Amino acid sequence: AISNEVFVANTGGSIAVYDGTAGTSVGAVSFSGVTTSGTQLLNQIGVAGDGVIYGGNLTTATASSNYRLYRWPAWNAPGQNVYTGDPTAGSTVDNGRIGDSMAVTGSGTNTLIVVGNEAKSTFVLLSTLDGTNFTPTVVTNISISFGTGGLGLTFYTNNTFMVKPAGSSTISLVQFPANFQGQAGVSGTIMATTTLATPTSPASSATAMLSYNPATSLLGVAFLGSSGSSQNYYGQLYSFNFATSPVLLASTNYTAASNG
């Protein structure tokens with residue numbers, strides 16, 4: 001985060017806050033004012049360029065269980081629900097699984113969020129005109145098999161985002177129309193693909209989380225390994241752009257607490 005704080009989500013509906021330098025506990029995000037529901041009350045979180053925190057639940061059937069997007073102007077301020085509903089309602093990909101993946105970019109009225117609809121191999125953009133209330137746009141016609149077990153997702157530059165499905169070592173660059181806002185659905189286009197270096201463990205086809213910084217052209221990748229009371233991860237840092245092959249700058253293994 002811009003305040004040098006690290007936020008760690010728990011699927012039961014809490015977010016721990018740590019000092020980004022010392023690693024010490026600072027506190028917890030307040031869920032006052034937030035109404036939660038879903039298969040997991042909180043699955044993914046992200047921080048916008050202005051430091052506003054966003055989080056979303058997991059719903060495995062959006063037609064019967066609402067997707068919820070939460071917003072906190074600061075970690076120690078009350079939160080609010082900024083979208084509640086079925087973002088795919090009325091589309092050909094209705095009743096999807098949404099919440100396993102999320103990416104956030106921009107700030108204020110230019111904040112943009114993308115989530116994967118993993119049961120339907122499509123995406124949903126959530127945009128805002130007032131910086132608070134969000135409206136969905138479904139992105140379809142993208143020939144990417146999501147596989148099972150999760151999806152790496154991060155914004156790239158302009159109106160594009162990157163996708164790495166579980167079961168694949170390929171990252172795809174997806175473009176959506178610049179005038180998507182206000183439309184219920186738009187078509188996406190795969191503009192380019194590239195392949196990551198093979199990690200030592202787990203396999204390069206494992207579930208991976210992505211984070212890209214366009215200012216530095218750095219891509220962080222975390223591959224998820226075996227599960228249990230703890231999970232093994234393999235982290236990579238790349239100098240990255242789609243004009244050339246990714247350059248692996250550093251890599252490491254580490255262990256983190258299991259999902260939950």
Side-chain angles (χ1 to χ4, degrees), residues 1-2 4 6 20 44 46-49 100-107 110-118 121-125 127 137 139-180 186-225 232-254 256:
I2 58 175
N4 193 36
V6 176
Q44 298 291 319
V47 181
D100 288 301
S101 54
M102 182 175 76
V104 181
T105 191
S107 61
N110 293 317
T111 302
L112 182 59
I113 297 168
V114 61
V115 294
N117 182 2
E118 299 198 22
S121 295
T122 54
F123 302 89
V124 176
L125 296 168
S127 60
T137 298
V139 183
T140 58
N141 299 327
I142 304 169
S143 299
I144 297 176
S145 176
F146 279 25
T148 58
L151 181 76
L153 188 61
T154 187
F155 282 100
Y156 187 55
T157 58
N158 300 320
N159 52 314
T160 60
F161 55 83
M162 295 190 287
V163 183
K164 183 204 172 295
S168 172
S169 59
T170 299
I171 289 182
S172 298
L173 179 65
V174 176
Q175 184 182 60
F176 53 91
N179 64 344
F180 76 92
V186 295
S187 293
T189 304
I190 297 178
M191 303 299 293
T193 61
T194 192
T195 303
L196 298 178
T198 302
T200 55
S201 175
S204 60
S205 60
T207 299
M209 294 171 283
L210 306 177
S211 180
Y212 181 72
N213 185 334
T216 59
S217 297
L218 292 176
L219 174 68
V221 186
F223 291 93
L224 172 61
N232 298 318
Y233 288 81
Y234 186 79
Q236 296 177 330
L237 181 67
Y238 289 91
S239 174
F240 187 93
N241 66 73
F242 276 95
T244 60
S245 298
V247 178
L248 182 62
L249 302 177
S251 61
T252 187
N253 288 95
Y254 62 98

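Since the structure is predicted, the reported quantities are computational estimates derived from the model, not experimental observations.
Between V174 and I144 there is a side-chain heavy-atom pair separated by less than 4.5 Å. L153 is not listed as a side-chain neighbour of M102, based on a closest heavy-atom distance of 4.5 Å or more. When side chains are defined from C-beta on, F223 counts as touching V221, because their heavy atoms get closer than 4.5 Å. Residues P246 and L219 fail the side-chain proximity criterion, which asks for heavy atoms closer than 4.5 Å. Contact of the V115 side chain with the Q44 side chain is not registered, since no non-hydrogen atoms from C-beta on lie closer than 4.5 Å.
Taking CD1 from I142 and OG1 from T189, the interatomic distance works out to 8.0 Å, rounded to the nearest 0.5 Å. Of the inter-residue distances, the one linking F123 atom CZ with T140 atom OG1 reads 11.0 Å to the nearest 0.5 angstrom. Rounding to the nearest 0.5 Å places CG of L248 at 9.0 Å from CG of L196. To the nearest 0.5 Å, atoms CG (L218) and CZ (F240) are separated by 11.5 Å. Rounding to the nearest 0.5 angstrom, the gap separating the CG atom in N241 from the OG atom in S217 is 6.0 Å. Between N159 atom CG and N179 atom CG the span is 9.5 Å, to the nearest 0.5 Å.
Heavy-atom minimum distance, A48 versus G106: CB-O, 3.4 Å. T157 and P214 make their closest contact through CG2-CB, 4.0 Å (heavy atoms, listed as atom of the first residue, atom of the second, distance). The shortest heavy-atom contact between S107 and T111 is C-OG1, 3.1 Å. When all heavy atoms of S101 and G116 are compared, the closest pair comes out as OG-N, 3.3 Å. Nearest approach of F155 to L112, heavy atoms of both residues: CE1-O, 3.5 Å. In terms of heavy-atom proximity, M162 sits nearest to I171 at CB-CG2, 3.9 Å.
F180 pairs by the ring pair (Phe, Tyr, Trp, His ring centres under 6.0 Å) definition with F176, not counting sequence neighbours. In this structure S251 satisfies the side chain to side chain contact (heavy atoms under 4.5 Å, CB included) test together with Y234, Q236, sequence neighbours excluded.
With T154 contributing its side chain and Y212 its backbone, the two residues share a donor-acceptor pair below 3.5 Å.
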Stepwise, does the side chain to side chain contact (heavy atoms under 4.5 Å, CB included) test hold for V139 with L125? CA-CA 7 Å; V139 183; L125 296 168; 3.8 Å; yes

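Using cut-offs of 30° and 60° for the angle between ring planes, the Y156 and F242 rings count as perpendicular.
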